[in-house]
Each structure stands twice: as C-alpha cells, then as structure tokens.
*Asks:* 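First, the structure itself, so that you have it in front of you.
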Amino acid sequence: MLVAALIGSVICSTAQARGIIRDAETEALIRDYAKPIFRAAGVGSQNIRIHIVNDRNFNAFVVDGHNMFMHAGALMIAETPNQVIGVIAHETGHITGGHLARLRSQMARAKSASLMLQLLGLAAVAGGAIAGIPNAGQLGMGAAMGGQQAALRSLLAYRQTEESSADQAAMSFLNATKQSGRGMIETFDVLAEKLRGVQGINPYLMSHPLPQTRIAQLRQLVEQSPYYDKKDSPELQFRHDLIRAKLSGFLDKPEIAFNRYPSSDTTLPSIYARAIATYRQSGVDAAMPLLNKLIAEQPNWPYFYETKGQFLFESGRGAEAIAPLKKAIELAPHEAIVQIMYAQALIGTEDNRYLDEAIRNLRQALVRETSSARGYRQLATAYARKAHLAKASGAKRNFMARASLASAEAYFYEGRLDRAKQQAKRAKAGLPEGSPNWIRADDILSFQLPKKK
C-alpha cells in the first residue's frame with residue numbers, strides 16, 4: 001500500500017541518513033535490557049533487532065515486527081537502565097498490539113496524498129518540540145494547514161489510543177519481569193519539560209499524546225505496581241554508565257566530553273569517556289595510559305580490550321591490535337563485531353599463517369552478522385589469498401569460487417546488485433552443483449528487486 005510504503009520509507013531513510021551505530025558493548029547491553037521484555041511479551045522468538053541511530057534526540061520507534069530503532073540520545077539522556085527498559089517495553093507494546101498493521105490500514109483510508117503530507121508535517125511538530133527545536137511547532141503546523149482537518153484529527157486520535165495502549169502493555173511486561181515502571185514516568189517528565197513553552201500545539205494534532213497527558217494516564221498504573229520501588233542492579237547501572245560515557249566520548253566534541261567527565265572524576269565511566277575523547281583529539285599514544293588503567297581495574301571486561309584493539313587498528317598498528325582483540329574474543333566469544341575486526345587485523349598483517357584463523361572467525365561471525373558487507377569483504381580477501389597459495393588446481397579453483405561468493409555477498413548487502421550477480425556467476429561456475437554455496441550463488445543470481453506498485 002502506497003501510504004504505508006511512504007511512511008516506512010521516510011522513517012527508514014531518515015535513520016539511514018543519520019547513520020546506524022554498530023558497537024558490540026552497546027548492543028550487548030541493549031539485548032540484556034530487551035530479552036526479558038521480549039520473553040514476557042511472547043516475541044522472544046521473533047528475532048527483533050534494536051538498531052542504534054546516530055541522533056542525539058530522545059526517540060525510539062518500530063517499523064515492523066522485527067526492527068526497533070533507538071536514538072543514541074535516548075541512551076545518553078537516560079540516567080538509569082530502567083528508563084531505557086521502559087522505552088523498549090513501550091515499543092514492544094506496539095509490536096504485540098498489532099498497531100503497525102492497523103495504523104497502515106487507517107492511513108490507507110485517508111486516500112489522500114495531501115493528508116499523508118499533513119501527517120508527515122505533524123511528525124515535525126512532535127519530533128521538533130520534543131527535541132527542543134526552536135519554532136518547530138510553527139514549522140510543522142505550516143505543513144498541516146489546509147483542508148481535511150476532521151479526517152486528520154480522527155486519524156491522530158486513533159494514533160493516541162495506540163500510544164496509550166502501548167503504555168499499558170509496557171506496564172504488563174514490566175510487572176511480569178518484576179521491574180518498575182518508574183523509568184517511564186521519569187522519561188515522560190523529561191519530555192514534558194522540553195515541551196514547556198512550545199506554543200500553539202493542539203493535543204489532537206500530535207502523533208503521540210502530549211507527555212503531560214500520558215504521565216497522568218500512566219502514573220496510577222505505575223504507582224500501583226508491587227515493583228514500583230524496585231531499583232536497577234548495581235552491575236546493570238554500572239554498564240549503563242559505561243555506555244553513556246562511551247557514547248559521549250565518541251559522539252560529543254572532545255572538549256564537551258572532557259567537561260562532562262572531568263579528570264577530577266576518577267570513576268571508570270569517566271576514565272572511559274576521557275580515553276575515547278583523548279584518542280579522538282590526540283591519538284592512540286595519548287589515550288593508551290587511560291585504556292591500560294581501565295584494563296588494570298577491570299581485567300575481565302572484554303570491551304576495554306576491544307576499544308584498545310580498535311584504536312590500534314585504526315591507527316595503522318594492526319599487528320599490535322591482534323593481542324587485545326584476541327583477548328576480547330576470549331572473554332566474549334560470541335561478539336561477531338569484534339571477531340570481524342580481529343580477522344581484519346589478522347589479514348592486514350599479510351602474514352599467511354593467520355589466514356585460517358581469520359577465516360574461522362569470519363565464518364563464525366557471519367552466522368550471526370549475516371548481512372555484514374565488511375565481514376564478507378574480508379572473507380573474500382582471505383579466500384583469494386588462500387587461492388594464490390594453493391598449488392593444486394582443484395583447491396585453487398575452490399578457494400577462488402569461495403572468494404567470488406563472498407564478494408557477491410558483500411556487493412549484495414551493499415545494494416550493488418549488478419556486481420553481486422557478476423561475482424555470483426563466477427562463484428557458481430567453480431562450486432559443486434547443488435552444494436549449499438552453489439545454491440546461495442544461484443539465489444543471488446535469481447534475486448529480483450520488488451516491482452514498484
């Protein structure tokens with residue numbers, strides 16, 4: 001349906017334009033936040049992925065039953081794990097409530113491109129106001145002026161009902177997992193504060209109810225919960241503080257990170273933020289004493305080793321990056337992002353003794369990171385090197401075919417379909433007919449983009 005496609009493409013293209021952040025430590029924490037909620041909601045087997053969008057504003061949304069998006073700003077602003085868990089619970093409520101499908105149906109009934117454009121304009125009202133953008137209300141309302149106001153109000157009133165329903169579902173998931181809903185109230189308090197002073201916003205002309213209204217609706221449910229006073233565990237709070245510091249170190253200007261985490265603050269999150277900001281400002285050698293201090297304080301935390309290895313690798317010191325990255329994998333053996341970086345460091349040494357270990361790590365990683373173009377590109381390089389070293393013609397042909405298939409996968413996930421098919425054709429010619437790799441090459445050759453309706 002055109003309406004659903006338009007809204008979905010706007011949301012996804014916005015996320016892509018701002019960039020998706022991939023970080024093993026952050027994703028591991030988010031998975032731990034989400035897992036109990038997904039299980040309580042009965043969607044634990046749906047393989048829902050939470051993507052982190054490089055945006056400082058506080059926001060989260062879902063576009064289907066398998067992908068949830070959270071702005072980095074939500075993690076940076078949220079002071080407790082419970083606040084983020086409340087956001088995840090709310091978005092899960094949209095998935096279990098079937099709200100996405102029903103909203104598409106409601107929007108389709110509008111039968112008007114102008115009405116769709118008005119709705120997109122209203123998104124600017126809500127998003128701009130919550131983010132604290134000056135005059136955002138006026139900007140969005142300009143797009144929303146015109147006819148069909150009754151139909152528009154009806155559609156958005158329906159959307160408000162969906163939001164309240166998601167809040168109630170979120171509380172049921174939190175109660176089922178014996179967690180407090182206080183974080184949801186605290187989050188809405190933050191959003192309500194940002195909306196104060198924004199003039200001329202009609203509550204019916206918002207894609208979400210005003211935070212003040214939702215606080216009043218939700219507070220009674222939250223306070224009646226037997227888990228209202230339940231606190232996050234110290235271990236979870238510590239990990240949350242580390243992630244907030246890490247994101248500040250990477251995303252804020254170094255001087256802002258130094259101001260937020262001054263040297264007088266000797267906690268590990270503060271040292272973490274300063275180590276990253278120092279690296280960005282002055283390079284790896286300046287950051288190394290801080291990284292080594294972190295490792296000395298927490299020698300079993302894999303992500304300090306990962307960060308050290310990343311900085312060395314990015315600084316052209318791949319051979320030195322191998323040891324810390326290998327240690328990170330020993331401590332966290334299922335972190336595919338770290339495995340891919342480790343393999344890249346191994347391959348970058350051009351020491352052929354490392355090829356088999358690099359291939360092993362890449363193949364393990366790509367079982368979990370099935371769409372990693374970077375991983376497939378490294379695998380293609382490793383197989384091509386193996387083909388060059390092979391003496392037997394059969395082995396050489398097999399390795400070259402695997403290299404071509406890995407290249408096809410990389411091009412495929414980069415959206416470069418013509419090149420993907422060229423490489424898949426080469427791979428298919430060198431692989432045993434009917435083998436799993438041959439079938440995958442054939443799948444790429446047969447793939448056609450969906451026709452536009």
Side-chain angles (χ1 to χ4, degrees), residues 25-52 58-62 65-99 162-193 208-209 211-247 269:
E25 183 177 12
T26 304
E27 292 178 10
L29 180 63
I30 294 296
R31 285 196 301 269
D32 287 346
Y33 287 166
K35 191 180 299 182
I37 297 296
F38 290 165
R39 189 182 301 117
V43 296
S45 62
Q46 282 188 209
N47 193 29
I48 299 171
R49 297 197 64 175
I50 302 180
H51 309 274
I52 309 301
F58 195 113
N59 198 13
F61 53 91
V62 290
H66 299 282
N67 294 281
M68 186 181 297
F69 293 84
M70 181 176 295
H71 285 193
L75 295 169
M76 296 172 74
I77 294 170
E79 296 182 352
T80 67
N82 187 246
Q83 292 174 8
V84 178
I85 292 167
V87 171
I88 293 172
H90 172 87
E91 297 305 325
T92 304
H94 283 306
I95 294 173
T96 59
H99 298 168
E162 298 284 323
E163 290 299 322
S164 296
S165 173
D167 287 341
Q168 294 175 32
M171 272 310 304
S172 72
F173 305 149
L174 291 168
N175 283 332
T177 54
K178 299 182 180 180
Q179 298 183 88
S180 174
R182 187 188 294 231
M184 295 178 67
I185 297 296
E186 292 168 348
T187 295
F188 288 146
D189 282 339
V190 171
L191 300 185
E193 182 64 31
H208 291 63
Q212 295 96 322
T213 305
R214 289 172 69 186
I215 291 172
Q217 293 173 341
L218 188 60
R219 190 176 298 277
Q220 185 176 6
L221 280 175
V222 171
E223 292 180 349
Q224 286 176 345
S225 169
Y227 310 107
Y228 177 71
D229 291 320
K230 183 82 175 287
K231 303 292 185 184
D232 296 307
S233 70
E235 185 268 342
L236 204 60
Q237 182 66 57
F238 174 68
R239 291 175 63 192
H240 184 78
D241 292 342
L242 284 177
I243 291 304
R244 293 181 73 200
K246 186 175 195 177
L247 290 172

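Keep in mind the model is a prediction, meaning the values are calculated, not measured.
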*Asks:* Donor-acceptor pair, distance only, cut-off 3.5 Å: does the side chain of His66 make one with the backbone of Gln46?
*Replies:*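 Pair found, side chain donor or acceptor close to backbone of Gln46.
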
*Asks:* Spell out, as yes or no, whether a donor-acceptor pair under 3.5 Å connects the side chain of Asp232 to the backbone of Gln237.
*Replies:*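 Here the side-chain-to-backbone pair does not exist.
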
*Asks:* What distance do Met68 atom CE and His51 atom NE2 have between them, rounded to the nearest 0.5 Å?
*Replies:* 10.0 Å

*Asks:* Should Glu79 and Arg244 be marked as a side-chain contact (heavy atoms from CB on, under 4.5 Å) after you check the CA-CA gap, both sets of side-chain angles, and the distance that decides it?
*Replies:* CA-CA 9 Å; Glu79 296 182 352; Arg244 293 181 73 200; 4.0 Å; yes

*Asks:* How many angstroms lie between CG in Leu236 and CG in Leu29, if you round to the nearest 0.5 Å?
*Replies:*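 Output value for this atom pair is 6.0 Å.
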
*Asks:* Is a side-chain N or O of Arg182 found less than 3.5 angstrom from the main chain of Lys231, in a donor-acceptor match?
*Replies:*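 It does not hold such a pair.
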
*Asks:* In the structure I gave you, are the side-chain heavy atoms of Phe173 and Pro36 within less than 4.5 Å of one another anywhere?
*Replies:*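 No; the side chains remain at least 4.5 Å from each other.
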
*Asks:* Got Ser225 and Met171 here, is their nearest side-chain heavy-atom distance under 4.5 Å?
*Replies:*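 Yes; the side chains approach each other to less than 4.5 Å.
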
*Asks:* Is the shortest heavy-atom distance from the side chain of Glu91 to the side chain of His94 under 4.5 Å?
*Replies:*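 Contact flag for Glu91/His94 side chains = yes.
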
*Asks:* Could you tell me how the ring of Phe69 sits relative to the ring of Phe61: parallel (under 30°), tilted (30 to 60°) or perpendicular (over 60°)?
*Replies:* parallel

*Asks:* Going from CD1 on Ile50 to OG1 on Thr26, what distance comes out if it is rounded to the nearest 0.5 angstrom?
*Replies:* 12.0 Å

*Asks:* Any chance you could measure Ile30, atom CD1, to Leu75, atom CG, to the nearest 0.5 Å?
*Replies:* 4.5 Å

*Asks:* Rounded to the nearest 0.5 Å, what separation is found between the CD1 atom of Ile52 and the CD atom of Glu27?
*Replies:* 7.0 Å

*Asks:* Looking only at non-hydrogen atoms, find the nearest pair between Pro226 and Asn175 and report the distance.
*Replies:* CD-OD1, 4.4 Å

*Asks:* Please confirm whether the backbone N or O of Ser164 pairs with a side-chain atom of Gln217, one donor and one acceptor, at under 3.5 Å?
*Replies:*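 Pair absent, no side-chain N/O of Gln217 close to backbone of Ser164.
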
*Asks:* Heavy atoms, side chains only, cut-off 4.5 Å: are Phe58 and Val87 in contact?
*Replies:*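 Yes, side chains in contact.
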
*Asks:* Decide yes or no for Glu25 and Arg239: does some side-chain heavy atom of the first lie under 4.5 Å from some side-chain heavy atom of the second?
*Replies:* no

*Asks:* Search all heavy atoms of Ile88 against all heavy atoms of Phe38 and return the closest pair with its distance.
*Replies:* CG2-CE2, 4.2 Å

*Asks:* Is it true that a side-chain atom of Asn82 and a backbone atom of Gly183 form a donor plus acceptor pair closer than 3.5 Å?
*Replies:*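 Yes, the answer is positive, given that a donor and an acceptor are paired below the 3.5 Å cut-off.
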
*Asks:* To check you understand the geometry: which heavy-atom pair defines the closest contact between Ala169 and Gly93, and what is its length?
*Replies:* CB-CA, 3.8 Å

*Asks:* Can you give me the closest heavy-atom contact between Gly65 and Ile48, atom names plus distance?
*Replies:* O-CG1, 3.4 Å

*Asks:* Which atom names give the shortest non-hydrogen contact between Ser180 and Tyr227, and what distance separates them?
*Replies:*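 Looking at all heavy atoms of both residues, the closest pair is CB-O, 3.0 Å.
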
*Asks:* Hey, does Thr177 have a side-chain heavy atom less than 4.5 Å from the side chain of Arg39?
*Replies:*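 No. Closest side-chain heavy atoms not under 4.5 Å.
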
*Asks:* Please report the interatomic distance OG1(Thr187) to CD1(Ile77), rounded to the nearest 0.5 Å.
*Replies:*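 Atom-to-atom, Thr187:OG1 and Ile77:CD1 are 9.5 Å apart.
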
*Asks:* What are the two closest heavy atoms between Ala74 and Asn59, and how far apart are they?
*Replies:* CB-O, 4.0 Å

